[in-house]
Protein chains: 2
Amino acid sequence: MPASPRSPERRPPTILSIAAAAGVSKSVVSRVMRNEPGVSARSRQRVLNAAESLGYTPNAAARSLVQKRSNNIGVLVTDLHNPFFVEVLDGINRAAAEHGYRTIITTSSRDPLSESHALQQLIELRADAIVLAGPLGLGTELVADVAGRVPVASLEGSIRVPSVDLVLGDDHQGAQLAVEHLAALGHQRIALIDGGTAHAATRRRAGYEDAMRRLGLADQIHVAPGEFTEEGGYQGVHRLFSRPGPRPTAVFASNDLAAIGAINALESLDLRVPGDVSVVGYDNTWLAAMRHISLTTIDQPRPALGEVVVAALLRRIDQAGGEGRHRLLPPRLVVRATTAAPRPQD
Amino acid sequence: MPASPRSPERRPPTILSIAAAAGVSKSVVSRVMRNEPGVSARSRQRVLNAAESLGYTPNAAARSLVQKRSNNIGVLVTDLHNPFFVEVLDGINRAAAEHGYRTIITTSSRDPLSESHALQQLIELRADAIVLAGPLGLGTELVADVAGRVPVASLEGSIRVPSVDLVLGDDHQGAQLAVEHLAALGHQRIALIDGGTAHAATRRRAGYEDAMRRLGLADQIHVAPGEFTEEGGYQGVHRLFSRPGPRPTAVFASNDLAAIGAINALESLDLRVPGDVSVVGYDNTWLAAMRHISLTTIDQPRPALGEVVVAALLRRIDQAGGEGRHRLLPPRLVVRATTAAPRPQD
DNA sequence: ATGAAAGCGCTAACAA
DNA sequence: TTGTTAGCGCTTTCAT
């Protein structure tokens, strides 16, 4: 009888294969693989050789099973299409790597079921900690449950669970910077295009309204419904400019994507930016920096957000428990080409 | 003595805890968790109740250790900043989910060391299959080694390993579509901004050159070095328009990002798009569709690329071995607002 | 329909 | 310095 069908059936080498090939016990192999001391140079070399020639790779499942840790940080990202989260991810990856962790990214479409599946995956993989990134539709209950098993930190402000660390940009202050910048240029009719249901949108709206009031522009407050998308910004402007009464001379969009949509809508209305209308965005993603866009915007320290969130998690990993801390990172105004003084007659 | 320090020490429930709570053996619990038949309705219900109330989640490490499969497909993405890959990822996720697989994304910075680390992670996690997405600096040798252990499919054309499936857009044809479109509008001096080292750039360049020759425009072939980035397109145009001789009337940029950079560079030279110069991009990412950009471009079926790559992997999973197949998906011209006939005097 | 037992590949005492 | 042993949490025969 032929020994085997066409399928090679060649199972990956295990610690035992290496031990046999090197003529030592599997403990020695284990020690070598983990760079532990207490192995003779000769044994070490033989093990290394055997591992190399057999193409040995440790089985993370087996290791994590006994060690009860995976050295992985799971990141649940809901919207990879928004450059903001990709840029935060850069910071997460860097910080994680710096501390000996690797990152596992899972994504979900934006329904709660898909989100909880993705979360479930991270839990089953026994990630040592979990980052929640992006607008989440997850219920507080579920998040609380997860946070009871594994350290969780969130970049989404709507998560209010006692043991979850929150790392956010100070959107309230950022929105004020935007309004103050426009007001300093001489604008008064400054409208906001809202960002929808994400919590950041709420905070930015509040900052906008507070700043307007503080500047004595309370009666100029106008908020158009919108989304954190180009389409949202586009629609927002159309709504804003189709209502009766004097038109805004400046538009503050809730994020860069919406700002780009807003610019386009203004163009479609034959309005020049910034000649007729000034536009400010939020996030300072690479989109805003593109020369064709050159958007005045509020910078969020995106990599720093990622780094801080990892730091929070590391703290929780080696000392479980404790109240969730909230960190607010400062925003910064970045002036580019989409803002200018209003036209004299306005 | 106090029972425990402040750290709860509450280890997650295991199959044994559930068995005890439900008053059955762990085999029964295992069957219930896997939806196997052959369990009495009563037992099943008791197990489900116990699992629910203790918040039980199976340990993927333990399961994958014994099953020798993780139900995960690993995806190595090198450039999440390029929307193209994000959109392909959508297709991968969808197709994987449809077949009972979940996706694990790992990223790397663009150096070979970081890439091989990410790959290593996927192997240690014993992903059932691996997708290589994005420009890779990995050596053939390493990829071949990995492909010997686990099914691998690649979206990067430079990978030439016998057992690796390749799924690519037909860039040669796509580039021809771009050139033909421009030629049909009346353009002759059609320049290409190259895309750098990614293999797709090479294929697009060849398609461009072939089409130019076929159209009798061989002496109009001009290729400026570039990159798959906005900056690359920007620099490319500046190089193109600073050389002596008649200027191009049309620019074909190797991808959408570069096209946007090109448009900006043209604007900085006081040239109108498409009035003075037409621009065509490649990929048809959402960037191209943004109204503010409205780029004529070559569509790649991004979700379909993801779906086909998963299909290839599934085939390999349940029947290892076999030569790598190469699939080429057809591109499609999408005409938007950045192309028009050349000026009469040109 | 259920349970007992072996073992997946590894680490972590412990013994030698 | 090395080897032996006992699990980690689960699935999978094999009995019952």
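Here is how names work: the chains are called A, B, and so on, in the same order as the sequence lines, proteins then strands, and each is numbered from 1.
Between the CE atom of A:Met33 and the C1' atom of C:dA12 there is a distance of 17 Å, rounded to whole Å. Distance, B:Lys68 NZ to D:dT11 C1': 11 Å, rounded to whole Å. Protein atom CG of B:Leu125 is 14 Å distant from nucleotide atom P of C:dC10, rounded to whole Å. Atom-to-atom, CD of B:Glu124 to C1' of C:dC8 comes out at 17 Å; the value is rounded to the nearest Å. What separates CD of B:Glu36 from P of D:dT12 is a distance of 7 Å, to the nearest Å. The CG-C1' distance, from A:Leu65 to C:dC10, rounds to 8 Å in whole Å. Rounded to whole angstrom, the span from the CG atom of B:Leu16 across to the P atom of C:dA4 amounts to 11 Å.
OP1 and OP2 of C:dG9 both lie 4.0 Å or more from every side-chain N or O belonging to A:Thr14. Within the structure, every side-chain polar atom (N or O) of A:Arg44 is placed at least 4.0 Å from both OP1 and OP2 of D:dT1. A close approach under 4.0 Å does occur between a side-chain nitrogen or oxygen of B:Arg34 and OP1 or OP2 of D:dT12. For the pair A:Ser64 and C:dC10, the criterion of a side-chain N or O lying under 4.0 Å from OP1 or OP2 is not met.
With C:dT2, D:dT12, D:dT2 as the candidates, the nucleotide lying closest to the side chain of B:Gln67 is D:dT12. Taking every side-chain heavy atom of A:Val24 into account, D:dG3 is the closest of C:dT11, D:dG3, D:dT1. Residue A:Ser43 has its side chain nearest to D:dT2 when only C:dC10, D:dC10, D:dT2 are considered. Distance from the side chain of B:Ser25 is smallest for C:dG3 among the nucleotides C:dC10, C:dG3, D:dG3. Nearest nucleotide to the side chain of A:Pro58, out of C:dC10, D:dT2, C:dG3: C:dC10.
Checking side-chain atoms of A:Ser163 against main-chain N and O of A:Glu323 turns up no donor-acceptor pair under 3.5 Å. A distance-only check finds a donor-acceptor pair linking the side chain of B:Arg34 to the backbone of B:Ser30 [under 3.5 Å]. Judged by distance alone, with hydrogens and angles left aside, the side-chain atoms of A:Arg69 form no donor-acceptor pair with the main-chain N or O of A:Arg63 at under 3.5 Å.
You'll find the side chain of B:Leu80 reaches within 4.5 Å of the side chain of A:Leu89, heavy atoms only. A:Asn72 is not listed as a side-chain neighbour of A:Tyr101, based on a closest heavy-atom distance of 4.5 Å or more.
Within 3.5 Å, a donor on the side chain of A:Ser27 pairs with an acceptor on the base of D:dT4, or the reverse. For a distance-only test at 3.5 Å, the side chain of B:Arg31 qualifies as a donor-acceptor partner of the base of C:dG3. Side-chain to base pairing of A:Ser30 with C:dA12: no donor and acceptor N or O lie closer than 3.5 Å to each other.
Comparing A:Pro37 and B:Pro13 by the nucleotide of DNA chain D whose heavy atom lies nearest to each, the residue mapping closer to the 5' end is A:Pro37.
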